Colleague: 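The structure is given below, and queries will be raised subsequently.
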Amino acid sequence: MKPALSSPLLGIVRTLSFGYLNLFAFGFFLPFLFMAMSMVPMSIVERVGTSRNASTLATLLVIAAVVAATYTVMEQIRGQVLERMGLVIDERLTRVCFDAVNRGQGRAGVPAAQALADLQTVRRFLCGPSLSALIDAFWSPLFVLAMFFINAAFGFLMLGLLTFSAAASLATHYWVSAHLAAAQRLDGEANEFGLAVSRNAEALRVMGMLPALAERWYALHRDGLGWRGLAGARAARIGLVPRMVQNGQMIVVYGLGGFLFLSDRIQLSVLFVVLMVMMRAQGPLQHIINNWSQIQSFASAARRLDALLRGIEAAPRPMSLPAPAGELRVSRLVGGPPGMARPVINDVSFSLAPGRILGVVGPSGAGKSCLSRLVTGIWKPVRGTIVFGEQDLSHWDPDELGRHVGYVPQDVEFLPGTIAENIARFDPDASSERILAAVELAGIHDIMRGLPDGYATRLGGPGGHVLSGGQRQRVALARAVYGAPRLVVLDEPNSNLDAGAEQVLGRTMQRLRDDGAAVIVVSHRISLLGFCDDLLVLNEGVVQAIGARERIFNRLPRFREGPQPPLIDLPRTGTGG
Ligand SMILES: Nc1ncnc2c1ncn2[C@@H]1O[C@H](COP(=O)(O)OP(=O)(O)OP(=O)(O)O)[C@@H](O)[C@H]1O
């Protein structure tokens, strides 16, 4: 097995090493050009001052202009290289992060909003001015060396100032890191909370919950601000001395320069070079100090992203398998929501042959939806196996398996796009025939006829058409049956349907069965269960009964909610085999 990279993020950055090498080279040449520019004022004072020659002045100015133009162009090119690298990083990272977040493979438990914000932070740093500053800071010793050439005293002065700035920035980091981490955590919580409120704003508003929720959101936000404020106050206190030193350094340079001039060790004009170089050398370091919180945010974001990406690295790459053909065999299945200490589903076994419909019933909270999620491969079992045809479900590439699975969840959501795109699962190769076949199979022509722009009607997003609860379920059914899936799992697909629409749904299930699909339907309504061949009764995550519909049907009223007398166990026979 391929060993997991110690840092997948570093792996992606490494693929851009040529670009970073370029930046490094720019970081080396730019200081030389800058030093050349800084020597012009000195030369003017020295040469023009003594010769009083206009052509010498003109020559010097032309040289200065050429150097300044080259410097500007090189800086511009460096900016463009960074920008392009940003695009490449975006392309490489966005896709994997999107995958990691939405497949739930990241074991770091990073919420989606946080992961996407982390991606922005990492991207902004890896192609932003802070990284340039770090690279420039790496070459700062060149400036120190130049100072030593002018005079050792200037060299030592500059070395002292740079060391002092670096030490001050480290001290600031040490003193504020815990505060900033707390602020970031609270900001993340406040964002998640705010997004959850926005998603349910209508219901929350009608129940008068918004003031209390605003208070709760603001409390999280305020706590984050508080930690940030404390960090800022600490940083300001620590930064007072470095700022004083920075503001006073010019006096020190003039003083030292004056002293060296009086002792005949330098020309006064050298001070032009010293001042310009000193400021340029401190620039990157100053930038790093001023933007230390950004660098820290980058470090934390990169750590979280790394953990997320490692989830993907660690996941085995499944090989391509043929379309599943054969029965679905669930054997001694134990599992539930990822990370939950106690599994919801306990030792569930059943089999379902192609061309059969299995109804899953049981009281609320029995684990029916959890079973649906396990059977569709959304969640991985803790123990036990789910074999579809000849292969274990986990052996399939989830994307490939998805083409053979139809699923209607309890809460149906559509994505911003046309209704046709949603039905076609955003398949770029979707054909009109397949979309029409799905619409026909789900029996939703009546809905399509009533849409303002027919199949091109946009759903979701601002201005998108809003479907009723029942319409959503029926369109979700069309999406589930798109592409003739071999396994169709319907989790309470009729909870918003009237009797007529329920009959249409029943007929769709029968047609799927006739086409050889295995269908699992979770429902509380007897009317829909009448379309099933077999029934599985689930209670507290355990199979209480399983068998042909007629055998179980009469006993169903006993599964109303509330305490129930235990059902006598029926043999857990395979339903289809
Ligand atoms: N995503 C989840 N995270 C944590 N716990 C969950 C999650 N989904 C379900 N559960 C828990 O698993 C148990 C079974 O829930 P499930 O939704 O499977 O019940 P159900 O039989 O489908 O109920 P209902 O008929 O009301 O839909 C519940 O106790 C629930 O709290």
Side-chain angles (χ1 to χ4, degrees), residues 101-115 189 192-193 195-196 199-200 203 311 330 333-350 352 357-384 386 398 405-413 469-470 472-473 476-477 480 488-497 502 505 519-529 532 534-546 552 555-564 566-567:
V101 168
N102 292 298
R103 289 185 201 285
Q105 284 173 328
R107 294 181 212 130
V110 182
Q114 174 80 72
E189 281 178 28
E192 284 288 323
F193 189 80
L195 286 174
R199 278 197 297 272
N200 303 290
V330 174
L333 184 67
V334 177
M340 203 169 179
R342 219 166 57 90
V344 176
I345 297 299
N346 267 306
D347 203 16
V348 166
S349 300
F350 67 90
L352 179 63
I357 305 175
L358 172 70
V360 179
V361 291
S364 192
K368 303 182 296 294
S369 296
C370 288
L371 181 62
S372 306
R373 288 198 177 99
L374 286 162
V375 165
T376 44
I378 298 172
W379 293 339
K380 295 203 183 332
V382 176
R383 269 197 307 281
I386 305 170
V405 174
Y407 176 53
V408 174
Q410 268 188 22
D411 300 315
V412 173
E413 290 271 351
R472 295 167 79 78
Q473 284 191 314
L477 179 68
V488 178
V489 179
L490 311 171
D491 191 353
E492 298 198 32
N494 56 340
S495 54
N496 290 310
L497 300 189
E502 209 170 50
L505 167 63
V519 181
I520 296 177
V521 59
V522 175
S523 182
H524 288 282
R525 293 210 210 148
I526 298 216
S527 45
L528 193 64
L529 298 177
C532 298
D534 309 291
L535 291 181
L536 184 155
V537 183
L538 200 67
N539 200 5
E540 295 183 359
V542 175
V543 176
Q544 282 212 315
I546 187 167
I552 310 272
R555 306 157 80 176
L556 281 179
R558 301 175 72 177
F559 281 88
R560 282 193 292 264
E561 286 185 37
Q564 304 292 320
L567 194 100

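Read the numbers this way: they start at 1 and go in the same order the structure lists the ligands and their atoms. These figures come from a predicted structure and were not determined experimentally.
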Colleague: For ligand 1, which atoms have a heavy atom of H524 less than 4.0 angstrom away?
Modeller: 25 (O)
Colleague: Between V361 and L538, is there a side-chain heavy-atom distance shorter than 4.5 Å?
Modeller: no
Colleague: Should you measure from each heavy atom of K368, which atoms of ligand 1 turn up under 4.0 Å away?
Modeller: 18 (O), 19 (O), 20 (P), 21 (O), 22 (O), 23 (O), 24 (P), 25 (O)
Colleague: So, is W379 polar-close to ligand 1, with some N/O to N/O distance under 3.5 Å?
Modeller: no
Colleague: Which ligand 1 atoms, with their elements, are less than 4.0 angstrom from a heavy-atom of V344?
Modeller: 12 (O), 13 (C), 14 (C)
Colleague: Any side-chain heavy-atom pair from Q473 and L497 closer than 4.5 angstrom?
Modeller: yes
Colleague: So, E540 side chain and G365 main chain: donor-acceptor pair closer than 3.5 Å or not?
Modeller: no
Colleague: Any nitrogen or oxygen of G365 lying under 3.5 Å from a nitrogen or oxygen in ligand 1? Just yes or no.
Modeller: yes
Colleague: Applying side chain to side chain contact (heavy atoms under 4.5 Å, CB included), can you list everything that pairs with R383, at least two apart in sequence or on another chain?
Modeller: V334
Colleague: State, with a plain yes or no, whether a side-chain heavy atom of V521 is found less than 4.5 Å away from one of I357.
Modeller: yes
Colleague: Look at atom 26 (O) of ligand 1 and find which of G367, S364, G336, P338 reaches it with the closest heavy atom.
Modeller: S364
Colleague: Using a 4.0 Å cutoff against the non-hydrogen atoms of P337, which atoms of ligand 1 qualify?
Modeller: 2 (C), 3 (N), 4 (C), 5 (N), 6 (C), 7 (C), 10 (N)
Colleague: Within a strict 4.5 Å, meaning less than it, do heavy atoms of the I520 and V375 side chains meet?
Modeller: yes
